S.K.: 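Handing you this structure, nothing more for now.
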Amino acid sequence: MPPRKIIIDTDPGQDDAVAILLALASPEELEVLAITAVAGNVPLDKTSRNARVICELAGKPDVPVHEGCDRPMERVLVTAEHVHGASGLDGIELPEPTMPVADLHAVEAIIHHVRREPRGSVTLCPLGPLTNVATALTRAPDIAERLAGIALMGGAYFEVGNVTPAAEFNIYVDPEAADIVMKSGVDITILPLDVTHKALITRDWLDRIEALGTPVSKVVCAWLDFYERFDVEKYGGAGGPLHDPCVIAWLLRPELFSGRRINVEIECQSDLTRGMTVADWWGVTDRAANALFIGDIDADGFFDLLAERVARL
């Protein structure tokens, strides 16, 4: 069976970085057509730089990195340096990337790849705000029916919000974009906080990665040591949640996850609940299901998969 074709839309971010490494370490299952950078955790110039740093760390400088939208569709950009550090990849100093930014704007790159590849063969994997993806769907509505699907990290139901009492960061930053994606008719899978908060980084797992003794494993440990400090202090648990790699793990090992097909809509009007994912988990409305909303994960299997793939790099 040929590998699944994917485009990773991202705002790295240490957890984005691990997700990208997981995808690049899995060429038998995933063909990364492109990485498209969007403003989110940090501004666009840094997310683009970070995506190229990650590709070079993985030994994959041939994967094109395209710069995309530098702000939300209708909002002022909100960033998360308080979580990820000033660079977005704080924790260890790495060389500046030598690979260039690819020529096409990220939105045009998404449209180009989806139109060029066979119908139903490309999956979009957004790991940050949905600005690039929504802009592509708005500019080229024909790509919606050509996509195999969209698997995204964002939103929450039982875990409510991590940036406001009601909203998860990726959706909060650009709720109008998220609303467009949810109404696109594309087959959508959502990996929300409800599942990522069950994928907690443990000291035992970090020790296991460190014991690999490779340059990549050293960087991963340094990134995650820095990254999890914020969530450990915030939530008081033994380890921070590892959000974005859940998207790639779902593509690789869907049997590790479970969820429900439900209706999910995005709150865009209320100042109080801006960016809330209104997820009809209990089926209390007659609104048609538009997403597979993942609610549970085999965390041991997830971290075993991550360790196995990091060891390949």
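Since we're looking at a predicted model, the values are computed, not measured.
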S.K.: Is the count of non-hydrogen atoms from other residues, nucleotides or ligands lying under 6.0 Å from E255 atom CD greater than 12?
M.R.: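 Yes, enclosed.
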S.K.: In terms of side-chain geometry, is the basic nitrogen of E96 or R52 positioned less than 4.0 Å from the acidic oxygen of its partner?
M.R.: no
S.K.: Closer than 3.5 angstrom, by distance alone: can the side chain of K198 be matched with the main-chain N or O of G295 as a donor-acceptor pair?
M.R.: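 Between the backbone of G295 and the side chain of K198 there is a qualifying donor-acceptor contact (under 3.5 Å).
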S.K.: Testing the 3.5 Å rule here: is there a donor-acceptor pair between the side chains of E67 and H105?
M.R.: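 Result is no, nothing qualifies.
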S.K.: Does the structure place the NZ or CZ of R253 under 6.0 Å from the centre of the six-membered ring of F302, at an angle of no more than 45° from the ring's axis?
M.R.: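 Here R253 fails the 6.0 Å and 45° test against F302.
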S.K.: Check the surroundings of atom CZ in R208: do more than 12 heavy atoms from other residues, nucleotides or ligands lie under 6.0 Å from it?
M.R.: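 Check passes, neighbour count above 12.
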S.K.: With the threshold set at 4.0 Å, does a side-chain nitrogen-carboxylate oxygen contact exist between R75 and E176?
M.R.: yes
S.K.: For a quick check under 3.5 Å, do T47 and D11 share a side-chain donor-acceptor pair by atom type?
M.R.: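 Checked: T47/D11 side chains show no N/O donor-acceptor pair below 3.5 Å.
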S.K.: Please determine if K183 and D179 form a salt bridge, counting it only when a charged side-chain N lies under 4.0 Å from a carboxylate O.
M.R.: yes
S.K.: Is E267 reaching over with its side chain to a backbone N or O of Q269, donor-acceptor style, under 3.5 angstrom?
M.R.: yes
S.K.: Between E108 and R115, is there a salt bridge with N-O shorter than 4.0 Å?
M.R.: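 Between E108 and R115 there is no salt bridge, as every charged N stays at least 4.0 Å from the carboxylate O atoms.
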S.K.: Determine the interplanar angle of the W281 and Y157 rings, folded into 0 to 90°, and report it as parallel if under 30°, tilted if 30 to 60°, perpendicular if over 60°.
M.R.: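 Rings of W281 and Y157: parallel, under 30°.
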S.K.: Inspect the contact between E308 and R312 and indicate whether a charged nitrogen and a carboxylate oxygen are less than 4.0 angstrom apart.
M.R.: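 Salt bridge between R312 and E308, a charged N being under 4.0 Å from a carboxylate O: yes.
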S.K.: Are R287 and E265 ion-paired here, with the side-chain N under 4.0 Å from a carboxylate O?
M.R.: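 Salt bridge: yes.
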S.K.: For a 4.5 angstrom cut-off between non-hydrogen side-chain atoms, does I190 reach I294?
M.R.: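 The answer is no, as the side chains (C-beta and beyond) never meet within the 4.5 Å cut-off.
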S.K.: Does CD1 belonging to I92 count more than 12 external heavy atoms closer than 6.0 Å?
M.R.: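 Check passes, neighbour count above 12.
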S.K.: Check this for me: D142, atom CG, are more than 12 non-hydrogen atoms of other residues, nucleotides or ligands nearer than 6.0 Å?
M.R.: yes
S.K.: Under the side-chain contact (heavy atoms from CB on, under 4.5 Å) rule, what do L21 and I54 come out as? Steps first, then yes or no, please.
M.R.: CA-CA 7 Å; L21 291 177; I54 297 158; 3.8 Å; yes
S.K.: If only atom types and distance count, is the side chain of T273 paired as donor or acceptor with the main-chain N or O of S270 below 3.5 Å?
M.R.: no
